[in-house]
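Note sheet for the following structure.
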Amino acid sequence: MRNNRVWATLEQLAQKPEHKDLKHSIADVERMEALTLQCGDLYLDCSKNWLSLQVFEQLQQLAEASDLKASIQKLFNLETVNTSENQAAGHTTLRDPNHQNRKHNLERMKVLAERIKNNKITTAFGKPVKQLVNIGIGGSYLGPRLAIEALTDLQSESQIPVYFAASVDDSLINQLFQSIDIEHSLFCISSKSFGTAETLMNAEAVIEKLKQRPGYLPNDNQSSLMAITAKPERAKAIGINDSMILPFDTTIGGRFSLWSSIGFPIMLAAGSDAFEEMLDGANIMDNHYLETPFDKNMPVVLALIGIWYRNFIGLSGYACLPYDARLRCFPKWLQQLMMESTGKMHNLQGQTIDYPTSPWVFGDHGQLSQHAFFQAFHQGIDALPMDFIGVLDHDSPSQRFLLFNMIAQGAALMSGESHEHIDNHDCPGNKPSTTLLLNSMNPKAVGQLLAMYEHMIYTQSVIWNINCFDQPGVELGKKLAKRIEKHVQENHLDDLPLDPSTQNLIKKVMNHEG
Ligand code: F6P
C-alpha cells in the first residue's frame with residue numbers, strides 16, 4: 001500500500017502549496033471541465049477542491065496501482081470480497097434487472113405488499129393493516145428511513161405510512177403507541193442477525209404492550225407481527241408466522257441492505273414502482289462504476305478526493321450537507337456507511353495498518369448547518385472536506401432559495417473576503433468543497449445517489465486494502481455492556497476487572513434512587 005511509488009509522489013505533491021491553491025486554479029475552465037462529471041441524473045462538480053490536474057492524474061495512478069479495476073470486477077462477480085466473513089457482497093445483484101436475486105426478492109416483497117394493500121392481511125385484533133412500525137437499528141433502519149423521507153412526495157393515501165422505532169427508549173415506544181392506530185398497525189422486526197439487543201428489546205416491549213390490549217388474539221390467520229431477517233428461524237422461534245417473514249441472504253451487508261427485503265417499508269410507503277425505480281437508478285450507477293474510465297467515474301473520483309485529503313493533506317473530518325429537507329437523514333446514513341465500513345485498523349492480511357482510513361463524518365440539512373456550524377467552516381483556521389448536495393427540480397421559491405444558498409456557500413468558502421477596517425470579519429477563503437446536483441428527487445435519482453456512495457467506500461477500501469463489509473469493532477462495546485449487566489444482576493461486579501472510573505460510574509447507576 002504505502003510502499004508504492006505513487007504514494008510517495010503524492011506525499012511530495014501534498015507538501016507543495018500550489019496544489020492547495022484554489023483561488024488561482026478555480027479560474028482554469030479546462031481544469032473545471034476535467035473535474036466535473038455526469039452520470040444519469042447526477043452532476044458532480046469537484047473543481048472547488050485542492051486538486052491540481054497533476055495530483056488528479058497521480059490519484060488515478062494510485063487507483064491503477066491498487067488494482068482497482070480487478071477489484072470492482074470481483075465485487076460484481078460475487079467473489080469473496082468480505083474476507084473476514086468469507087463471503088461475497090451481493091447487493092448489486094438486487095438491482096440488476098437480469099439477475100434472479102432481484103426477481104425473487106421483488107416477487108416476495110410484492111406478494112406481501114399487495115396482500116396488505118388489498119386488506120388480505122389481518123392484525124391480531126382482526127383489523128386490516130393501515131400502518132407499519134419498523135423496529136430496527138443501523139442499516140435495518142437508516143436506509144428505509146432515508147428513502148421514505150426522500151420520496152415523501154410520492155406518498156399518498158393509497159400507500160401505507162411507516163413509523164420507526166430504532167433506539168431503546170421507553171418514552172419513544174410510549175410516544176409511538178400514542179401516535180399510531182395500534183389495532184391497525186403491523187409491527188415489523190427488521191434485523192439481519194435477529195440478535196441485535198436494541199431491536200429485540202424494542203420488539204419485546206411492543207409485544208408486551210400488544211398483549212396487554214384487550215382483543216389481542218394472534219393466530220395462524222391473524223398477526224400484528226412480521227419480520228425481515230437473514231435468520232428466519234429466529235423469527236419463527238418467537239412465534240412469527242412463516243408467511244409474515246421476508247428473508248434475505250447473508251451476503252447482503254447491513255449497510256447495503258435497503259435494496260433487499262429490508263426495503264419493504266419503502267415499498268409500502270412509496271409504492272412498488274418507486275422501489276423498483278430506485279433499484280433501476282442504482283443499476284445505472286453500477287454500470288457507470290463498472291464501465292467508466294477512472295477520470296470520469298463518479299464513485300472513483302469521490303473516493304480518490306477523500307483519500308487525497310485523508311492520507312496526504314492530513315484532514316480528518318468530512319461534512320455531508322444536503323440542501324433539501326427530504327435528505328435530512330442522508331448524513332446519518334452516510335455516517336454509518338463510511339465510518340462502519342472503513343473505520344478499520346487491520347488490512348486484508350490481518351496486519352495493523354499505519355495510515356488513517358475513514359474520516360470523522362458529520363452533517364445535517366444544509367440550511368440548519370448554516371445556522372449551527374458554518375462559522376467554523378468560514379473562519380476556522382483549518383479546512384474541512386465537504387459535499388454539498390442539491391436538487392435542481394424546484395417549483396417553489398424556497399427550493400430556489402436553498403439552491404442559491406448552497407451555491408453561494410461553496411463560492412464564499414472558496415473566495416473568502418477581507419475587510420480593511422473590521423479585520424475580525426476576514427474570511428480567508430481557499431476552503432474546499434464538492435457540489436453534487438440531482439436532476440430531481442425521483443426514485444431513480446435517489447438510487448443513483450446511494451449507489452454512488454456505496455461504490456465510493458468500496459473503492460476506498462480497495463485502495464486502503466481493508467474489508468468494508470464487516471464491523472468487528474462494534475462487537476467489543478456490546479460484549480462489555482452484556483458482561484456489566486450480568487455481573488450487576490448477579491451482584492458480583494467486583495469480579496469484573498474494571499478501571500476505578502467505570503466501576504464508580506456503574507455504582508452511581510446502581511445506587512441512584514430516582
Ligand atoms: O452496528 C452494528 C450492526 O451490526 C450494523 O452493521 C447493522 O446495520 C446493525 O448493527 C443492525 O444489525 P441487525 O440488522 O442484524 O439488527
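Each residue takes its place number in the sequence, starting with 1. All figures in this text were calculated on a predicted structure; none of them were measured in a lab. Counting starts at 1 for both ligands and their atoms, following the listed order.
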Q | ligand 1 N/O within reach of Ser191 N/O, cut-off under 3.5 Å | A | yes
Q.
With nothing but distance in play, are any N or O atoms of Lys192 less than 3.5 Å from an N or O of ligand 1?
A.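 There is such a contact, yes.
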If I compare all heavy atoms of [X] with all of [Y], which pair ends up nearest, and what's the gap?
X	Y	result
Thr123	Glu183	OG1-O, 2.7 Å
Leu154	Ala274	CD1-CB, 3.6 Å
Phe469	His91	CE2-CE1, 3.7 Å

Quick test: of every protein heavy atom, which one is nearest to [atom], and how far off is it to 0.1 Å?
atom	result
atom 14 (O) of ligand 1	Ser140 OG, 2.6 Å
atom 1 (O) of ligand 1	Glu340 OE2, 2.8 Å
atom 10 (O) of ligand 1	Lys478 NZ, 4.4 Å
atom 11 (C) of ligand 1	Ile137 O, 3.4 Å
atom 13 (P) of ligand 1	Thr196 OG1, 3.3 Å

Q) Which of the listed options, Ser193, Gly138, Ala166, holds the heavy atom that is closest to atom 15 (O) of ligand 1? A)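 Closest candidate by heavy-atom distance is Ser193.
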(Q) Going by the closest heavy atom to atom 8 (O) of ligand 1, which one wins out of Gly254, Gly136, Gly139? (A)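 Nearest option to atom 8 (O) of ligand 1, by heavy atoms: Gly139.
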(Q) Under 6.0 Å between ring centres: does that hold for Tyr289 and Tyr453? (A) no
**Q.** Within 45° cone and under 6.0 Å: Lys192 NZ/CZ vs Phe248 ring
**A.**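 The answer is no, since Lys192 fails at least one limit relative to Phe248.
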What donor-acceptor contacts under 3.5 angstrom involve side-chain atoms of residues 67-78, with partners at least two apart or in another chain?
residue : atom : partner : partner atom : Å
Lys69   : NZ   : Leu290  : O            : 2.6
Ser71   : OG   : Asp67   : O            : 3.3
Gln73   : NE2  : Asn77   : OD1          : 3.4
Asn77   : ND2  : Gln73   : O            : 3.3

Q: Indicate yes or no for a side-chain donor-acceptor contact from Asn283 to the backbone of Leu279 under 3.5 Å, with no hydrogens or angles considered.
A: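 Answer holds: no.
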